[in-house]
2 protein chains.
Amino acid sequence: MQTLSEENYLKAIWKLVENSGVAVSTNEIAASVQTSPASVTDMLKKLADKKLISYQRYRGVTLSAKGRSVAIEVVRKHRLWEVFLVQQLGFKWDEVHDIAEQLEHIRSNELTEKLDKYLGFPKTDPHGDPIPDKTGKISELHQIPLSKLEKGKKGIMTGVADHSTQFLQLLDKHGIHLGDSIEIKETTAYDLSIAIAVNKKKTIHISNSVSKNIMVSKNKS
Amino acid sequence: MQTLSEENYLKAIWKLVENSGVAVSTNEIAASVQTSPASVTDMLKKLADKKLISYQRYRGVTLSAKGRSVAIEVVRKHRLWEVFLVQQLGFKWDEVHDIAEQLEHIRSNELTEKLDKYLGFPKTDPHGDPIPDKTGKISELHQIPLSKLEKGKKGIMTGVADHSTQFLQLLDKHGIHLGDSIEIKETTAYDLSIAIAVNKKKTIHISNSVSKNIMVSKNKS
DNA sequence: TTTAATTTTTAGACAAGCCTAATTTATTTT
DNA sequence: AAAATAAATTAGGCTTGTCTAAAAATTAAA
């Protein structure tokens, strides 16, 4: 049984490892959980004692099988609750993160499974992130940033790399939503900004900092 | 903003005051939150500093207006989540307490209000306990223990005084549910046991320790 | 109304999680 | 390869919420 704090560390480490594929540093974890490096070192010792991570001083951290499964379970709950909040309760996609951060720590396997079933075993959360199944398996996404798509190519928007309220609201303002088809109409080498057609209708102009954070699944031509 | 532990103390004090109407003792609170009297004294000081309770050493405790409103908000959330767990997710009424104990601490007014609406603004939880409304108002129940009903009288079962899994499962086994009509068929002076007719059909015999914990709303004749 | 029993509080400790400041190890630069 | 820089760890402390044992206050009993 893990404490709330331990769960948050494991989740943070999982996300960092997931993105980089290599061992993560104390500083990275500290930035991720918003605490001091010294506090992270303390916690890493505890997690190592509990065999949840593999850790050697000054050498960085990776998750053990057990630690990974705890982390994935937390992520699973977070994303399921986000689906509940948006689909059932009518929250907007930029409003659910903080609430799901709390709900993800509710302890009851039966609750998680019943919620999953209630929601119809969703594959992704409201931001397009995959929801691990009960065994911890996570479906592959085959996404690339919109910024990597060449002129003339089309994709379906299936996710975001930036989950901040600010960014999500910006997409709302531009009328860009999960599932929309996006075609690259124009690219500008100077600032890497692009013009895109959304659902074959409105054409809008977005900067590279925006297109980097829009994830799309490739389509032919 | 209160800590999880503070919320649990306030809830416990509220329930004790609600039942007795008088100031509650350190020992009663200790029994209720399953801790030592010394720990309770420590916490009472903190709660008094925060003006959540009115407290003088050796003299017992009552809630301040602010403390009462925090406690009622926690109870409101607990009972709303119980409705969700039973009505939406299909939990049985004896399975939801521990999960609701966790969910009651989730912080988000918007979540509470949306959940309330989603559930159709229920008046009572799966055990018949009234759900405080958004302003903290709690509807009166007009219940009496089944043991106080005289021979020949009828009532509608509307609640339980004992919320334990054991007791709830016993009622299930007897086929006694919220909303059932109950008529006193026979009373036995010796052991205070009674024979009752449930929904005008099956007649069953129950002991006083059981009838004491079944709450009914009186009906004519 | 003094003594005995009970209740409550104080004293002193401890674990979890966090902090800052100082030190140690690793990495980069020259 | 030595010096400078950056990263990580240790040392020492703080708060919250808990504990046990001892002391004080209240209540009940003789």
Side-chain angles (χ1 to χ4, degrees), chain A residues 1-14 16-17 19-20 22-63 66-67 70-71 74 101-102 104-105 107, chain B residues 1-14 16-17 19-20 22-63 67 70-71 74 101-102 104-107:
Chain A
M1 202 87 308
Q2 297 71 230
T3 66
L4 189 147
S5 198
E6 286 169 352
E7 287 190 350
N8 282 334
Y9 274 92
L10 291 172
K11 185 181 58 157
I13 295 167
W14 179 79
L16 292 167
V17 172
N19 289 337
S20 67
V22 299
V24 290
S25 70
T26 300
N27 268 354
E28 285 174 293
I29 298 167
S32 177
V33 304
Q34 309 243 65
T35 189
S36 69
S39 302
V40 173
T41 301
D42 284 349
M43 181 57 89
L44 294 183
K45 285 183 203 155
K46 287 175 204 164
L47 294 174
D49 286 348
K50 293 191 175 188
K51 314 272 189 207
L52 293 163
I53 59 172
S54 137
Y55 166 61
Q56 308 165 75
R57 334 208 311 307
Y58 298 98
R59 281 283 129 90
V61 170
T62 53
L63 291 172
K66 194 174 154 202
V70 170
V74 173
E101 287 283 296
Q102 300 176 63
E104 72 188 5
H105 300 291
R107 260 171 240 287
Chain B
M1 202 89 304
Q2 297 70 229
T3 66
L4 189 148
S5 198
E6 286 169 351
E7 287 190 349
N8 282 334
Y9 274 91
L10 292 172
K11 186 181 59 157
I13 295 167
W14 178 80
L16 292 167
V17 171
N19 289 337
S20 67
V22 299
V24 289
S25 70
T26 300
N27 268 354
E28 284 175 293
I29 298 168
S32 177
V33 303
Q34 309 245 64
T35 188
S36 70
S39 302
V40 173
T41 301
D42 285 348
M43 181 57 89
L44 294 183
K45 285 181 200 156
K46 288 174 202 162
L47 293 174
D49 286 348
K50 294 191 175 188
K51 314 275 189 206
L52 293 164
I53 60 173
S54 138
Y55 166 62
Q56 306 166 74
R57 345 213 293 310
Y58 296 99
R59 280 284 126 88
V61 170
T62 53
L63 291 172
V70 171
V74 173
E101 287 282 298
Q102 301 176 62
E104 72 188 4
H105 300 291
I106 302 294
R107 261 171 239 286

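So you know, we letter chains A, B, ... as the sequences are listed, proteins then strands, and number each from 1.
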Pairing of A:Arg107 and A:Glu7 as salt bridge, 4.0 angstrom limit: yes
Chain A footprint on DNA chain C, 5' to 3' - any atom under 4.0 Å from a heavy atom: C:dA16 to C:dA26
Test applied, side chain to side chain contact (heavy atoms under 4.5 Å, CB included); reference residue, B:Ser54; option that passes from B:Thr62, B:Leu63, B:Leu47: B:Thr62
Sub-4.5 Å side-chain heavy-atom contact between A:Trp14 and A:Val24: no
Note, B:Val40 side chain near B:Thr35 side chain (heavy atom, < 4.5 Å): yes
Atom pair CD (A:Glu6) and CG (A:Leu10), whose distance is rounded to the nearest 0.5 Å: 7.0 Å
Sugar-phosphate, base or nothing in reach of A:Ser36, heavy atoms under 4.0 Å: base
Carboxylate-amine/guanidinium proximity below 4.0 Å for B:Glu101 and B:Lys11: yes
Set out, line by line, the N/O atom pairs under 3.5 Å between protein and nucleotides 25-28 of chain D.
| unit_1 | atom_1 | unit_2 | atom_2 | d |
| --- | --- | --- | --- | --- |
| D:dA25 | O4' | B:Tyr58 | OH | 3.4 |

Sugar-phosphate, base or nothing in reach of A:Ser39, heavy atoms under 4.0 Å: base
Sugar-phosphate, base or nothing in reach of B:Thr41, heavy atoms under 4.0 Å: base
List every contact pair, protein side and nucleotides 12-17 of chain D side both N or O, where the distance is under 3.5 Å.
| unit_1 | atom_1 | unit_2 | atom_2 | d |
| --- | --- | --- | --- | --- |
| D:dG17 | OP1 | B:Thr3 | OG1 | 2.6 |

Donor-acceptor under 3.5 Å (A:Ser20 side chain, A:Leu16 main chain): yes
Donor-acceptor pair, side chain of B:Ser32 and main chain of B:Glu28, under 3.5 angstrom: no
Min side-chain heavy-atom separation B:Ile13-B:Ile53 under 4.5 Å: yes
Heavy-atom check, side chain of A:Leu52 versus side chain of A:Lys46, under 4.5 Å: no
